[in-house]
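Just so it is clear, the structure is predicted and the values come from calculations on it, not from any experiment. All residue numbers refer to positions in the sequence shown, counting from 1.
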Amino acid sequence: MRYRTRVTAPAAALIGTAAVLAAGPAASARPQALRPEGTPGAETLGDSVFPALGNAGYRVEAYHLDFSYDATTRLVDAKATLMIKATQNLSRFSLDALGLDVRSVRVGGATATFEQVGEKLRVTPARTLPEHCAVAVCVEYGADPARTLAYTAWVPTVDGFAVCPQPNAAHTVFPCNDHPTDKADFSFRITVPSTLRGVASGTLVRTENLDGDRTAYTYRSASPIATELVQITVGDYVVKERQGPHGLGLRDVVPTARAAALEPALALTPGLLDWLEQRLGAYPFETYGLLPCNSDAANAFDFTGLETQTLTLYKPNFLLQEEKKIGSHMMHELVHSWFGNSVSPANWADLWLNEGHADFYGLLYRYERGWADSLGLTTLEARMKDTYAKGDQWRRDSGPVAAPNAVNLFDNQRYVGGVLVLYALREAVGEDVFNRIERTFLERYRNSAATTADYIAVASEVSGQDQSGFLNDWLYGTKTPRMPNHPDWTVTPVVSSLVAPRHREPGHYPDSSATL
């Protein structure tokens, strides 16, 4: 049996870090010889789509999230311990946080002053943190998953909750540096009534039976996770395990009452993985599985699937449909394990790298099986010709593919518009070179973040030709370029009264109107 190799931190190092974090401030790193002068860290990372998101002056190396769920009050009592490393002499720093009832903050075991201002938790340590100093920051707080906020990652369910943090809502669940460029190791401890189960991204490393008929589940990630990809869920679940390609362990977290009905959909995952690994290489994480959210509410959340790392969240009832209705969507979400999760967007304007690739392979999978899409088309070429005709209209109504804003971030332009860019590149360089571009990009930026410019640079390097002009025209131009190998394809003239491309909520695929 062939076992896969993965680029991960040594197990001992991960266990050691998690143990320190789980132990709390008493075991955390203490500040070194502290300098008297310092400056506050900037409260932004300069993202072009979400300029208020993220914080500078430090980077997070690891998170340990300790959640205790009360099934009677439906509230969460939490402690988040962050191991941070200062990148300047830091007199004050901030975390992203919204809707959290913060009770205390400690830095290196010492009580710190804090204030909540807008969506920032400003923390002033007792002494300046010198540059390169590593220190534990412990935040104790309470949270109400049902609290009304302008936006939230919490998904209340019939017997607990799940979370959907993408793109900018992880900080409504835990204080964090909420930007995909600051990936970190994660461990989780979830304490619940023994009638329920707590599950999180990563793998289960410990189960504790506690007094008061409660159980604590501890999970640890073997690879860094962007905050927008964290999954934490509580409910009446059964965990169904199966084997994927080459010894990969799979786990699905399924509402107990629906386990039998969902089995046909869950059983599709090994075949999906095998198909995709032949194109993109070995699955990049330690496990994979599906989480059909434990809710009967039709409006539980406004999307079909969300690629939270190692455990994809799904709309209730979606997976109860026949294979040809769900297979390409399941492939789309699985592709995100490579494009979006393993390689994250360095700026939210780079989202087309996630969604364009996910739709590209999802469509290939669909058409290989002869399943017509929502437009009645059965080949990628026919679909791209249809999309090409809409190119100028979409650029007018939704901007260029790689130039979104916060309102149109999840429009079709980032999805099928992104597919059109990839199709054009493949037509220009040929399928073999295109496939090498894909794998080289994924290998080079594994477990990190990459920009559109990074992808263009890899395309140029692998193809042996400067692709910057070609791809910049496709990604940033206001007019649709000519399609290589298809001189007969035409673009429909822009009509000012047309409705803009349909807006997709974060997490993809409005139910029946999905274009994939």
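Using a 3.5 Å distance cut-off with no hydrogens or angles, the side chains of N168 and D178 do not pair a donor with an acceptor. Using a 3.5 Å distance cut-off with no hydrogens or angles, the side chains of R214 and S68 do pair a donor with an acceptor. With hydrogens and angles left out, the side-chain atoms of E355 and H336 include a donor and acceptor closer than 3.5 Å. No side-chain donor from either of S328 and Y367 sits under 3.5 Å from a side-chain acceptor of the other. Judged purely by distance below 3.5 Å, without hydrogens or angles, the side chains of T287 and T310 never pair a donor atom with an acceptor atom.
Contact between Q413 and G399 at its shortest, heavy atoms only, is NE2-O, 3.0 Å. Here the closest heavy-atom approach between residue T81 and residue C138 is recorded as OG1-SG, 3.9 Å. Taking both residues in full, the closest heavy atoms of L262 and L319 are given as CD2-CB, 3.7 Å, listed atom of the first, atom of the second, then distance. Annotation for S201 and F188: closest pair O-CE1, 3.4 Å, computed over non-hydrogen atoms. A pairwise comparison of heavy atoms in N177 and T227 identifies O-CG2, 3.8 Å as the closest pair.
Using bins of under 30°, 30° to 60° and over 60° for the plane-to-plane angle, the ring pair W352/H357 lands in the parallel bin. The aromatic rings of Y283 and W338 sit perpendicular, their planes meeting at an angle over 60°, well past the 30° parallel limit. Using cut-offs of 30° and 60° for the angle between ring planes, the F186 and Y63 rings count as parallel.
Looking only at side-chain heavy atoms (C-beta outward), P404 and L351 stay at 4.5 Å or farther from each other. Between N412 and S398 there is no side-chain heavy-atom pair separated by less than 4.5 Å. Between D77 and D70, every side-chain heavy-atom pair lies at or beyond the 4.5 Å cut-off. By the 4.5 Å heavy-atom criterion applied to side chains, E228 and P167 are not counted as neighbours. Contact of the E43 side chain with the V117 side chain is not registered, since no non-hydrogen atoms from C-beta on lie closer than 4.5 Å. Between L273 and L250, the closest side-chain pair of non-hydrogen atoms falls below 4.5 Å. When side chains are defined from C-beta on, T203 does not count as touching R251, because their heavy atoms never get closer than 4.5 Å.
Under a 3.5 Å cut-off, the side chain of E140 and the backbone N or O of R106 do not form any donor-acceptor pair. Checked by atom type and distance alone, the side chain of K79 never pairs as donor or acceptor with a backbone atom of H64 at under 3.5 Å.
Cation-pi geometry between R414 and F410 is not satisfied (NZ or CZ under 6.0 Å from the ring centre, within 45° of the ring normal).
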Open item on the list: Evaluate K120 against D96 for salt bridge (Lys or Arg N to Asp or Glu O under 4.0 Å), listing each step before the verdict.
Closed with: CA-CA 5 Å; K120 300 294 181 179; D96 296 304; 2.6 Å; yes
Task: Verdict with supporting geometry, H171 and L95, side chain to side chain contact (heavy atoms under 4.5 Å, CB included) - done: CA-CA 8 Å; H171 63 281; L95 302 172; over 6 Å; no
Task: Pair E208-R189, salt bridge (Lys or Arg N to Asp or Glu O under 4.0 Å): steps then yes or no - done: CA-CA 10 Å; E208 305 166 75; R189 186 173 187 265; 3.1 Å; yes
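Between E438 and R279 there is no salt bridge, since none of the side-chain N atoms of the basic residue sits less than 4.0 Å from a carboxylate O of the acidic one.
Surrounding NZ of K325 are at most 12 heavy atoms belonging to other residues, nucleotides or ligands under 6.0 Å away.
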